[in-house]
Visitor: 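Can you read through this structure? Questions will come right after.
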Amino acid sequence: MQLLNPPHWKEPKGYSNGIVAQGKQIFVGGQIGWNKDQVFESTNFVSQCEQALINIVEVLAQANAKPEHLVRLTWYVIDKTVYLQQQQALGKVYRKVIGRHFPAMTMVQVADLIEDQALVEIEATAVVD
C-alpha cells in the first residue's frame, strides 16, 4: 500500500488522505457496537466504537485479512460533539484494536442509526495483495 498524503499538506492525525492498493478487495458492511449475539453491552460511545472495530476485525479474519489491510473506514456518528470530546480515549481504543495503521477515513454525523441503541456505525474496505 502507498499512503497518499501530499508532503506540503499538514500531516493528518489518525487517518490518511488516500491509499493506493492492489489485490483482493473486501467490503465490510456497517458494524455497530453490539456483540456477536447482537446485544449492546454498553451505552458508552467509546465502548461501542471498540466493539464495532472488533466486529470489523472479526469479519476481516473470514477473508484471511488483518487490520493492516484496511484501506478505508467510514464512520457514522449520531453526535459529533461526543466524538470530539472523546477523541483521546477513542484513539487509545483504536490503536488497541487496529494498531497504528491509519487508512483513509471519513466521519459523518447522521440524524440516527437503524438500531436505537447504536451510537456509531463503521463501514470498512480492505485490500489483501
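Note: hydrogens, waters and symmetry copies are ignored here, and every other heavy atom, side chains too, is used. Index from 1, following the sequence.
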Visitor: Should Val39 and Leu53 be counted in the same cluster of Ile, Leu, Val, Met, Phe, Trp and Tyr side chains packed under 4.5 Å apart?
Guide: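 Hydrophobic grouping puts Val39 apart from Leu53.
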Visitor: Look at the side-chain heavy atoms of Ile, Leu, Val, Met, Phe, Trp and Tyr, link any pair under 4.5 Å apart, and say whether Val59 and Ile32 land in one connected group.
Guide: no
Visitor: Would you list the pairs meeting ring pair (Phe, Tyr, Trp, His ring centres under 6.0 Å) in which at least one residue belongs to residues 104-124, sequence neighbours left out?
Guide: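 Matches after skipping sequence neighbours: none remain.
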Visitor: Grab the two heavy atoms, one from Tyr94 and one from Pro103, that are nearest each other, plus how far apart they are.
Guide: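 Closest pair (atom of Tyr94, atom of Pro103, distance): OH-CD, 3.2 Å.
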Visitor: Can you pull out every salt bridge (charged side-chain N to carboxylate O under 4.0 Å, His left out) where at least one residue sits in residues 24-41? Sequence neighbours excluded, please.
Guide: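 Non-adjacent pairs meeting salt bridge (charged side-chain N to carboxylate O under 4.0 Å, His left out): zero.
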Visitor: Looking only at non-hydrogen atoms, find the nearest pair between Asn44 and Val46 and report the distance.
Guide: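 Taking every non-hydrogen atom into account, OD1-N, 2.9 Å.
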Visitor: Below 3.5 Å, can you tabulate the donor-acceptor pairs from side chains in residues 69-78 to any protein atom, sequence neighbours excluded?
Guide:
from	atom 1	to	atom 2	distance (Å)
His69	ND1	Lys66	N	2.8
His69	ND1	Lys66	O	3.4
Arg72	NH2	Thr106	OG1	3.2
Tyr76	OH	Glu123	OE1	3.2

Visitor: Mind checking the CG-CD spacing from Asn35 to Glu58? Nearest 0.5 Å is all I need.
Guide: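 Result: 10.0 Å between the selected atoms.
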Visitor: Please test Phe45 against Val82 for side chain to side chain contact (heavy atoms under 4.5 Å, CB included), starting from the C-alpha separation and ending with a verdict.
Guide: CA-CA 8 Å; Phe45 176 75; Val82 172; 3.6 Å; yes
Visitor: Please examine the side chains of Leu60 and Ile26, heavy atoms only from C-beta on, and report whether any two atoms are closer than 4.5 Å.
Guide: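 SC-SC contact between Ile26 and Leu60 confirmed.
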Visitor: Which atom pairs, one a donor and one an acceptor, fall under 3.5 Å between side chains of residues 6-22 and the rest of the protein, sequence neighbours left out?
Guide:
from	atom 1	to	atom 2	distance (Å)
Ser16	OG	Phe102	O	2.6
Asn17	ND2	Asn5	OD1	3.0

Visitor: Rounded to the nearest 0.5 Å, what separates atom CH2 in Trp34 from atom CD in Gln117?
Guide: 9.5 Å
Visitor: For the CD atom of Gln48 and the CD1 atom of Ile122, what is their distance to the nearest 0.5 Å?
Guide: 10.0 Å
Visitor: To the nearest 0.5 Å, what is the distance between NE2 on His101 and CG on Leu3?
Guide: 7.5 Å
Visitor: Establish whether Leu119 and Val108 are linked, either directly or via other cluster members, by ILVMFWY side-chain heavy-atom contacts under 4.5 Å.
Guide: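 Yes; Val108 is reachable from Leu119 via cluster members.
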Visitor: Is there a path of hydrophobic side-chain contacts, each under 4.5 Å between heavy atoms of I/L/V/M/F/W/Y residues, joining Phe40 to Ile56?
Guide: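 Not linked; separate clusters.
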Visitor: Test: salt bridge (charged side-chain N to carboxylate O under 4.0 Å, His left out). Region: residues 102-121. Which pairs qualify, not counting sequence neighbours?
Guide: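 Qualifying pairs: none.
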Visitor: Closest approach of Val127 and Met1, non-hydrogen atoms and distance?
Guide: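 Closest heavy-atom pair between Val127 and Met1: O-CE, 3.9 Å.
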Visitor: Restricting to non-hydrogen atoms, name the atom on Pro67 and the atom on Ile98 that form the minimum distance, rounded to 0.1 Å.
Guide: CB-O, 3.6 Å
Visitor: Suppose the criterion is salt bridge (charged side-chain N to carboxylate O under 4.0 Å, His left out): which pairs have a residue in residues 77-105, not counting sequence neighbours?
Guide: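 Listed by first then second residue: Glu50-Lys96.
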